[in-house]
Amino acid sequence: MTLLHVPVIDLSPYLAGTPEGKREVARQVGQACRDIGFLVISGHGISEDLIKKTHALSTEFFALPHMEKLKVDRPAPDQVRGYSAVGGEGLAFSLDEPTPPDIKESFSIGPVDVPAADPYHTSAEAGPHFAPNVWPSEPAELKATWTDYYRAVDGLATSLMRIFALALDLDENYFDTSIDRNISMMRVLRYPKQTEAPLPGQLRAGAHSDYGSMTILRKELSDRSLQVKNKAGEWVTVPVVEGSFIVNIGDLMQQWTNDTWSSTLHRVVNPDLDSEENQDRLSIVFFHQPNYDALVECLPGCAGPGHPAKYQPVSSGDHLKSKFVKQTTFGKGSKAA
């Protein structure tokens, strides 16, 4: 039976390392990725104290005066770094769907452990993917804490990619060489309390799918604004479970699996202006993206007689750059900057 709601899956049997535990977690994850493209994970092993500290320092940053935040503004449309003000992006443009700007502001970083003189990271082929991070001077602890969080969730993503491999009947370490120099991004989003009705079609975040291999999201416990479109065409609310992360697969994973798995449309809806839901919200997001030169082409076992490969091979880096520029320039491309 096809899952029409997002399941909650405990990762601890996989992390315990028993063959039976690994198989069962992989089975559940595989079904979720086939049916709805979203899952909620518990038993992930990341410190709750680290998550709460990251949230608190991020809240402090967004409370700074606007001109202070603009000191760490995004350096260029193709660089996923720094601050983006409310109305500075439109996610639906990544799908070529013009809408009003999203009602959110954000701060983003990329890889935190970049070797200074390694040609892989500094060559022209690397493009903007290892561009330096832009850090605010305040809060003073933000850089160290965000760096710890990035490392922790990057490690979780590696475990999830190994679970994905098992779920696809591949060797557990199949993806390791495609993600060992990944170009992932951490982004904290603030959705401000709304004081006036949004424009027609304007959401906190417009309907979109994500770009890379997966997204790992931490939302506030009472926040029920994230919705996913299931295979029955219904928008269903993604549950927020204490101590858990929300995970969804992205476009590259759908392409890698030749549409065996689903990169599902999702959105962040507006609260009613006079409801308790209408308050400042913060989300901590980790967008996992394979190495920039990882070639994403149909995986073994995902094509066969009557089911040929549907997509041309694409590099992870080129795909990410094209999508992000559409998002940040409202569909006009890098010349709009």
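In the hydrophobic clustering of ILVMFWY residues, with side-chain heavy atoms under 4.5 Å counting as a link, Ile246 and Ile284 come out apart. No single ILVMFWY cluster, assembled from side-chain heavy atoms under 4.5 Å apart, contains both Ile249 and Leu217. Under a hydrophobic clustering in which Ile, Leu, Val, Met, Phe, Trp and Tyr are joined whenever their side-chain heavy atoms come within less than 4.5 Å, directly or via other members, Phe61 and Leu189 fall into different clusters. Leu3 and Leu39 are members of different hydrophobic clusters when ILVMFWY side chains are connected at heavy-atom separations under 4.5 Å. Taken together through direct or relayed side-chain contacts under 4.5 Å among Ile, Leu, Val, Met, Phe, Trp and Tyr, Met186 and Leu226 form parts of separate hydrophobic clusters.
Not counting sequence neighbours, Tyr149 has no partner by the ring pair (Phe, Tyr, Trp, His ring centres under 6.0 Å) test. Take Phe62 and apply the ring pair (Phe, Tyr, Trp, His ring centres under 6.0 Å) test, not counting sequence neighbours, and it matches no residue. Looking at residues two or more places apart in sequence or on another chain, you find a side chain to side chain contact (heavy atoms under 4.5 Å, CB included) between Val114 and Pro111, His121, Phe130.
Side chain of Asn230 to backbone of Gly233: a donor-acceptor contact under 3.5 angstrom is found. In this structure, the side chain of Asn258 does not engage the main chain of Cys298 through any donor-acceptor pair within 3.5 Å. Not a single donor-acceptor pair under 3.5 Å links the side chain of His129 to the backbone N or O of Asn291. Thr18 places no side-chain N or O within donor-acceptor distance of the main-chain N or O of Tyr14, the cut-off being under 3.5 Å. Asp280 contributes no side-chain N or O that, together with a main-chain N or O of Pro192, makes up a donor-acceptor pair within less than 3.5 Å.
Checked for salt-bridge contact, Arg162 and Glu172 miss the test: no charged N lies under 4.0 Å from a carboxylate O. Salt bridge annotation for Asp35-Lys231: absent, with no cationic side-chain nitrogen under 4.0 angstrom from a carboxylate oxygen. Here Glu234 does not pair with Lys229 in a salt bridge; the nearest charged N to carboxylate O distance is not below 4.0 Å. The pair Arg218-Glu48 meets the salt-bridge criterion, since a charged nitrogen lies less than 4.0 angstrom from a carboxylate oxygen.
Gln289 and Ser184 are not linked by any side-chain donor-acceptor pair at a separation below 3.5 angstrom, with hydrogens and angles left out of the test. Donor-acceptor pairing under 3.5 Å is lacking for the side chains of Ser213 and Trp256. Asp10 and Ser12 share a donor-acceptor pair across their side chains, judged by distance under 3.5 Å alone. Side chains of Glu220 and Ser222: no donor on one and acceptor on the other come within 3.5 Å. Under 3.5 Å, the side chains of Tyr292 and Asn182 contain no donor-acceptor pair of N or O atoms. Side-chain atoms of Asp251 and Ser263 form a donor-acceptor pair, as typed in the model, at a separation below 3.5 Å. With 3.5 Å as the limit, one finds no donor-acceptor pair spanning the side chains of Asp293 and Ser315.
Aromatic pair Phe175/Phe164: ring centres not closer than 6.0 Å.
For Glu20, the CD atom is densely surrounded, since the number of other residues' heavy atoms within 6.0 Å is greater than 12.
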